[in-house]
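Data first, discussion second: the structure below is written as structure tokens.
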Amino acid sequence: MPATAISPTRAEDYPEWYQQVVRAADLAEQSAVRGCMVIKPHGYAIWERMQKILDGMFKATGHVNAYFPLFIPLSYLEQEAKHVEGFAKECAVVTHHRLELGPDGRLIPTGKLEEPLVVRPTSETIIGATYAKWIQSWRDLPVLVNQWANVVRWEMRPRVFLRTAEFLWQEGHTAHATAEEAVEETLRMLDVYATFAERDLAMPVVKGPKPAAERFPGAVDTYSIEAMMQDGKALQAGTSHFLGQNFARAQNIKFAGTSGAEEFCWTTSWGVSTRLIGAVIMTHSDDDGLVLPPRIAPQHVVILPISRTDEERTAVLEACRKVEAALTATTYADEPIRVKIDARDIRGGDKVWQHVKQGVPVRVEIGPRDLAAGAASVSRRDRGPKEREAVALAELPARLPGILDEIQRGLFERARSFRDARSQRLGSRAEVEAFFGTGDSAGAGGFARVHVADDPAVAAAFDPLKVTVRCIPMEGPDEPGTCVVTGRSVPRPSVLARAY
RNA sequence: CGGGGCGUGGCGCAGUCUGGCUAGCGCGCUUGGUUUGGGACCAAGAGGUCGAGAGUUCGAAUCUCUCCGCCCCGACCA
């Protein structure tokens, strides 16, 4: 029996550990198509949790859902120069619309399209073109639409959930009458993402604008939330873009203002993707597999009946059903506790470990001995796999919301402590180089808070370290300082890190 | 796309250098039994065109060539 359920451990081989967790937790698997994944039911259930919570937050901030086409006319993509530049290298292109059986029995594409279609890598262009038709007057504004969709970016180096050729996401696209409103929207959605990440994913994030080099192609400003994974690397977990009038000009999104003059709209876009599943895995999971924050766990509690004889089984199952009913009638985070009995006829130990590896926050084991004592054995995923506590059956409904809340908070605190311990204020280029080291050892480095100018020289300086400027954190007052590369004075420090 | 590693039953691997008995091992799976607050034990079994194709050879998992895929590093990348 190995000491840990996942092998190798994080310390031994972090990238391989990540893949093993994905497999052990049954989240996803490789597909026949390069760079594409099959998201398995357990992985998809986590995505559904994310969708549900985020969708509610979008609705609460005045947005509505719609759906735009998968295929984008090639000419649309050409409309915004920087946008083309940014995405041209990773587009799947549809050139034919028909297959014919060839003489050797193989299918041959025929029916060449007059204009090739691009499978959307993102939808600014086709949505912008649509908005141009929707919007005529200031009375039509703002337009606040979100879509849940898949997108395709032909990535050279895919990694399950973190970077796949096709992935699922949501993309919000809004149009406004003024720059101020659009900026406000951009920041509002950034806050929505930050709140979601910290409250629901228990994942502390740093939010702020990106340097010019890291901007979304076509954006005036890109803001992101950046999280630290357990190997010290940064993961961009969500982005919100102020697009200025770039797309409005390119696509003629205009409105008649109150004075009657025609003006270009100010637009925004913002998105998070199934990459968040990877983020959750790498933020919380341990050497025994997945660890899920309760708020996004498809299942909060699994009840495990333990019995030897048929008689015991009947009694135990009945007790389990009562507990299930009582817990289902109890709420945690404004939703009924999600609980299931696992009565499968497999060995108890195996069963326990399956749930450990899948990250179920709480296990409730009920056997004859527990029943005799009127209690259950409660185990938590944030504690050791063998630890358990006896809780009176009658008290379970009262206790569980508190336990789940404790787990949720505990995971956040643990992740924050980890990040803070790996974050440092640095005052010189030499310190930055020492902090990240030159080696490739996993776990080297973390977040370095350093004053740097938004300048190509800065990127060039840290390029050999594989370190990039992730964002310029917004929290707190200005702390002016001198750029450690250019010597220019800048208002606030940036976060530098190696990134996924 | 460049450098490196790898592809053998569901998972993890040995065997490949130095071609040759019916291709093995651990875990998992099936059945029976013994157990049982626990990732058990015993026994019997099922499961593999050794990534694909071509070639060399009496004989290829093993040698040669081509291709495909995966992982790591780089390039690249909201």
Side-chain angles (χ1 to χ4, degrees), chain A residues 1-8 13-20 23-24 26 29-37 82-83 85-91 121-124 151 153-160 162-165 167 169 171 193 209-211 213-219 221-226 235-241 243 269-273 275 288-289 304-309 312 316 346-357 363 365-373 375-377 379 385-386 388 390 439-440 442 463-464 466 468 470-471 498-500:
Chain A
M1 178 195 321
T4 57
I6 302 297
S7 165
D13 185 343
Y14 195 81
E16 181 62 22
W17 163 84
Y18 173 76
Q19 294 182 80
Q20 292 301 332
R23 192 205 315 272
D26 215 22
E29 66 185 42
Q30 201 57 54
S31 79
V33 182
R34 179 190 158 74
C36 295
M37 61 179 164
K82 293 219 171 90
H83 195 64
E85 215 181 295
F87 285 108
K89 281 166 280 181
E90 50 183 24
C91 285
T122 178
S123 303
E124 273 74 9
V151 285
R153 295 178 187 179
W154 217 259
E155 300 289 352
M156 290 195 241
R157 211 169 120 194
R159 290 158 177 252
V160 186
L162 300 177
R163 185 180 290 110
T164 47
F167 56 92
W169 78 345
E171 46 181 326
Y193 289 153
K210 303 283 256 182
E214 303 270 327
R215 244 175 240 152
F216 174 75
D221 283 309
T222 285
Y223 297 81
S224 74
I225 52 171
E226 301 280 334
L235 184 83
Q236 177 175 296
T239 49
S240 187
H241 315 291
L243 303 174
S269 68
W270 28 273
V272 296
S273 72
R275 171 179 252 204
D288 286 324
L304 302 162
I306 296 152
S307 60
R308 283 173 288 194
T309 64
E312 283 179 354
V316 164
I346 60 172
R347 294 199 58 79
D350 294 341
K351 208 189 275 188
V352 167
W353 280 98
Q354 279 184 22
H355 294 289
V356 169
K357 286 186 277 195
R363 303 186 299 280
E365 304 179 22
I366 301 177
R369 218 144 76 201
D370 298 300
L371 279 191
S377 300
S379 312
K386 310 269 186 201
R388 47 177 111 139
D440 51 1
D463 186 62
K466 297 175 229 160
T468 49
R470 303 316 304 155
C471 71
R498 295 199 174 115
Y500 274 97

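Here is how names work: the chains are called A, B, and so on, in the same order as the sequence lines, proteins then strands, and each is numbered from 1.
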May I have the distance from [X] (atom [atom1]) to [N] (atom [atom2]), rounded to whole angstrom?
X: A/Gln20; N: B/C70; atom1: CD; atom2: P; answer: 17 Å
X: A/Trp17; N: B/C11; atom1: CH2; atom2: C1'; answer: 19 Å
X: A/Lys386; N: B/G39; atom1: NZ; atom2: C1'; answer: 7 Å
X: A/Arg363; N: B/G37; atom1: CZ; atom2: P; answer: 18 Å
X: A/Glu90; N: B/A75; atom1: CD; atom2: P; answer: 16 Å
X: A/Gln30; N: B/C70; atom1: CD; atom2: P; answer: 6 Å

### Query
What orientation do A/Phe216 and A/His241 show, parallel under 30°, tilted 30 to 60°, or perpendicular over 60°?
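A/Phe216 and A/His241: parallel rings.
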
Which listed nucleotide ([options]) is nearest to the side chain of [X]?
X: A/Trp353; options: B/G39, B/C72, B/G37; result: B/G39
X: A/Lys357; options: B/G39, B/C77, B/C71; result: B/G39
X: A/Gln19; options: B/C72, B/A75, B/C77; result: B/C72
X: A/Arg347; options: B/A75, B/C70, B/A40; result: B/A40
X: A/Asp350; options: B/G39, B/G12, B/C77; result: B/G39

To check you understand the geometry: which heavy-atom pair defines the closest contact between [X] and [Y], and what is its length?
X: A/Gly218; Y: A/Lys82; answer: N-CB, 3.8 Å
X: A/Gly238; Y: A/Val272; answer: CA-CG1, 3.7 Å
X: A/Leu162; Y: A/Arg275; answer: O-NE, 3.0 Å
X: A/Arg157; Y: A/Arg163; answer: O-CD, 3.7 Å

Look through every strand shown and name the nucleotide pairing with [N] as Watson-Crick or G-U wobble, where both distances are under 3.5 Å.
N: B/C76; value: none
N: B/A40; value: B/U34
N: B/G45; value: B/C29
N: B/C67; value: B/G51

### Task
Establish, with yes or no, whether the OP1 or OP2 oxygen of B/G74 is under 4.0 angstrom from a side-chain nitrogen or oxygen of A/Lys466.
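The answer is yes; a side-chain N or O of A/Lys466 sits under 4.0 Å from OP1 or OP2.
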
### Query
Are A/Arg159 and B/C73 close enough that a side-chain N or O sits under 4.0 Å from OP1 or OP2?
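Checking B/C73 against A/Arg159, a side-chain N or O does come within under 4.0 Å of OP1 or OP2.
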
### Task
Decide yes or no, distance alone: a donor-acceptor N/O pair under 3.5 angstrom between the base of B/C77 and the side-chain of A/Arg157.
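No.
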
### 4.5 Å side-chain heavy-atom contact, A/Glu214 and A/Thr222
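A side-chain contact is absent here, since even the closest heavy-atom pair is not under 4.5 Å.
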
### Task
Tell me which of A/Pro158 and A/Phe167 sits closer to the 5' end of RNA chain B, going by the nucleotide each one is nearest to.
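Its nearest nucleotide lies further toward 5', so the answer is A/Pro158.
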
#### Entry: First of A/His241 and A/Pro305 reached from the 5' end of RNA chain B, by closest nucleotide
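Counting from the 5' end, the first nearest nucleotide belongs to A/Pro305.
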
NA contact type, [X], heavy-atom cut-off 4.0 Å: base, sugar-phosphate, or nothing?
X: A/Glu214; value: sugar-phosphate
X: A/Lys89; value: sugar-phosphate
X: A/Thr222; value: nothing
X: A/Gly35; value: sugar-phosphate
X: A/Arg275; value: nothing
X: A/Ser377; value: base
X: A/Pro385; value: nothing
X: A/Asp13; value: nothing
X: A/Arg23; value: sugar-phosphate

### Query
Residues in side-chain hydrogen bond (donor to acceptor under 3.5 Å, both in side chains) with A/Gln236, at least two apart?
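In terms of side-chain hydrogen bond (donor to acceptor under 3.5 Å, both in side chains), with neighbours along the sequence ignored, A/Gln236 is linked to A/Lys210.
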
